[in-house]
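Have a look at the structure below before the remarks.
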Amino acid sequence: MAKLVRFGMSLEEELLAQFDRHIQKKKYTNRSEAIRDLIRDDLVKQEWRDNKEVTGAITLVYDHHLRELVNKILDIQHDDHTCIVSTQHIHLDHHHCFEIIVTKGKSRNIEGLYQKLKSIKGVKHAGFTKATLGNDLS
């Protein structure tokens, strides 16, 4: 494990009280864990802003009976295959499918893929989770 360093912080009393309520709701055991998560989240966001090699997941919900929609989704995935690691297709009911697309690559390429997929007419919902490869985080 990495060496731990202690440091002090000064905050307004009300801001600290709000933070304590927040970390209690989020079930953190202490302030240090919550602050570590906030720092890591910001570092991951910076990796995405800097167009670094990252990973993430795109989710789609759509009606698979719209045949041209399925073909458009597949065509876009094939066009951008270099940043797609894996896809999983789940049948939610007779009409609706849920697709998970795991990505890895430059952040701009992954964001472009997400924008193309979510803007297809007929996609009912699209989600996007940005993550890190973890190489620069402790």
Side-chain angles (χ1 to χ4, degrees):
M1 182 172 190
K3 180 182 174 186
L4 293 179
V5 177
R6 293 190 183 275
F7 68 97
M9 288 182 65
S10 299
L11 295 174
E12 292 83 7
E13 190 174 344
E14 181 52 33
L15 182 59
L16 182 58
Q18 286 177 330
F19 186 61
D20 285 341
R21 287 190 297 274
H22 172 76
I23 66 176
Q24 187 176 21
K25 284 181 194 173
K26 298 286 186 177
K27 307 292 186 207
Y28 285 102
T29 57
N30 57 58
R31 291 174 180 157
S32 294
E33 284 298 324
I35 291 169
R36 275 193 283 272
D37 271 356
L38 290 171
I39 292 169
R40 288 182 183 128
D41 284 348
D42 196 56
L43 292 171
V44 169
K45 288 175 186 173
Q46 189 60 50
E47 286 183 20
W48 280 80
R49 284 189 296 269
D50 291 345
N51 196 33
K52 294 215 173 157
E53 185 90 0
V54 293
T55 188
I58 298 169
T59 58
L60 304 173
V61 175
Y62 58 91
D63 183 342
H64 81 275
H65 284 107
L66 302 173
R67 290 291 173 209
E68 281 308 304
L69 173 60
V70 174
N71 288 337
K72 287 177 187 175
I73 290 170
L74 289 174
D75 286 345
I76 289 171
Q77 289 182 27
H78 281 275
D79 290 344
D80 288 291
H81 71 277
T82 57
C83 64
I84 295 176
V85 176
S86 174
T87 62
Q88 184 174 20
H89 182 90
I90 298 115
H91 302 279
L92 298 174
D93 58 32
H94 183 70
H95 287 277
H96 297 97
C97 294
F98 180 66
E99 192 145 338
I100 303 166
I101 304 160
V102 179
T103 61
K104 179 183 173 190
K106 294 288 189 176
S107 62
R108 287 192 194 114
N109 295 339
I110 297 171
E111 287 176 330
L113 171 62
Y114 172 64
Q115 293 300 325
K116 289 176 200 172
L117 290 168
K118 83 172 199 167
S119 65
I120 300 172
K121 185 176 179 179
V123 170
K124 292 188 173 193
H125 177 72
F128 189 24
T129 301
K130 297 176 179 181
T132 179
L133 297 177
N135 297 331
D136 297 330
L137 295 180
S138 298

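Worth knowing before you read on, the calculation uses all heavy atoms, side chains too, and leaves out hydrogens, waters and symmetry mates.
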Any donor-acceptor N/O pair, His96 side chain to Asp63 backbone, under 3.5 Å:
no
Residue pair Asn30 / Glu33: nearest heavy atoms and the distance that separates them:
OD1-N, 2.8 Å
With a 4.5 Å limit on heavy-atom distance, are the side chains of Arg40 and Asp37 in contact?
yes
First locate atom CG of Leu60, then atom SG of Cys97, and finally report the distance between them rounded to the nearest 0.5 Å.
10.5 Å
Taking every non-hydrogen atom, the tightest pair across Ile23 and Ala34
CG2-CB, 3.2 Å
Exactly one of Ile120, Ile84, Asn71 should register a side-chain contact (heavy atoms from CB on, under 4.5 Å) with Ile76. Which one does?
Ile120
If you group Ile, Leu, Val, Met, Phe, Trp and Tyr by side-chain heavy-atom gaps below 4.5 Å, do Leu43 and Leu133 land in one group?
no
Can you hop from Leu74 to Ile100 via hydrophobic side chains spaced under 4.5 Å?
no
Determine yes or no for a side-chain-to-main-chain donor-acceptor pair under 3.5 angstrom, with Thr129 supplying the side chain and Gly56 the backbone.
no
Following the transitive rule for hydrophobic clusters with a side-chain heavy-atom cut-off under 4.5 Å over Ile, Leu, Val, Met, Phe, Trp and Tyr, establish whether Ile39 and Val5 coincide in one cluster.
no
Could you verify whether a donor N or O on one side chain and an acceptor N or O on the other, from Arg21 and Gln24, lie under 3.5 Å apart?
no
Other residues, nucleotides and ligands only: do more than 12 of their heavy atoms fall within 6.0 Å of CD on Glu13?
no
Is any side-chain N of the basic residue among Glu111 and Arg108 closer than 4.0 Å to the acidic one's carboxylate O?
no
How far does CZ of Phe98 sit from NE2 of His125, to the nearest 0.5 angstrom?
8.0 Å
Nearest 0.5 Å, what's the CG-NE2 distance between Leu38 and His22?
6.0 Å
Side-chain touch Glu99/Thr87, heavy atoms, less than 4.5 angstrom:
yes
Evaluation steps, side chain to side chain contact (heavy atoms under 4.5 Å, CB included), between Leu117 and Val123
CA-CA 8 Å; Leu117 290 168; Val123 170; over 6 Å; no
Can you find a pair of side-chain heavy atoms, one from Thr82 and one from Asn109, that are under 4.5 Å apart?
no
Measure the shortest side-chain to side-chain distance between Tyr62 and Ile73 over non-hydrogen atoms and say whether it is less than 4.5 angstrom.
yes
Does atom NZ (Lys106) have a neighbourhood of more than 12 heavy atoms from anything else shown, all under 6.0 Å?
yes
Interatomic spacing from NZ in Lys45 to OG in Ser107 - rounded to 0.5 Å:
14.5 Å
Glu47 versus Val54, closest heavy-atom pair with distance:
OE1-CG1, 3.8 Å
Between Tyr114 and Ile101, is there a side-chain heavy-atom distance shorter than 4.5 Å?
no
Salt bridge (charged side-chain N to carboxylate O under 4.0 Å, His left out) partners of Asp20, counting only residues at least two apart:
Arg31
Which distance, rounded to the nearest 0.5 Å, do you find between the CG of Leu113 and the CD1 of Ile58?
4.0 Å
Check whether His81 reaches the backbone of His78 with its side chain - one donor and one acceptor, N or O, closer than 3.5 Å.
yes
Mind checking the CD-CZ spacing from Gln115 to Phe128? Nearest 0.5 Å is all I need.
8.0 Å
Can Ile35 and Met9 be said to form a side chain to side chain contact (heavy atoms under 4.5 Å, CB included), step by step?
CA-CA 11 Å; Ile35 291 169; Met9 288 182 65; 4.0 Å; yes
Could you pull out the closest heavy-atom pair between Val44 and Lys130, with the gap in Å?
CG1-O, 4.4 Å
Output yes when a side-chain donor or acceptor of Trp48 lies under 3.5 Å from a complementary backbone atom of Thr132, and no otherwise.
no
Using side-chain heavy atoms (C-beta onward) and a distance below 4.5 Å, is Lys116 in contact with Asp79?
no
Taking side chain as C-beta onward, heavy atoms only, is His65 less than 4.5 Å from His94?
yes
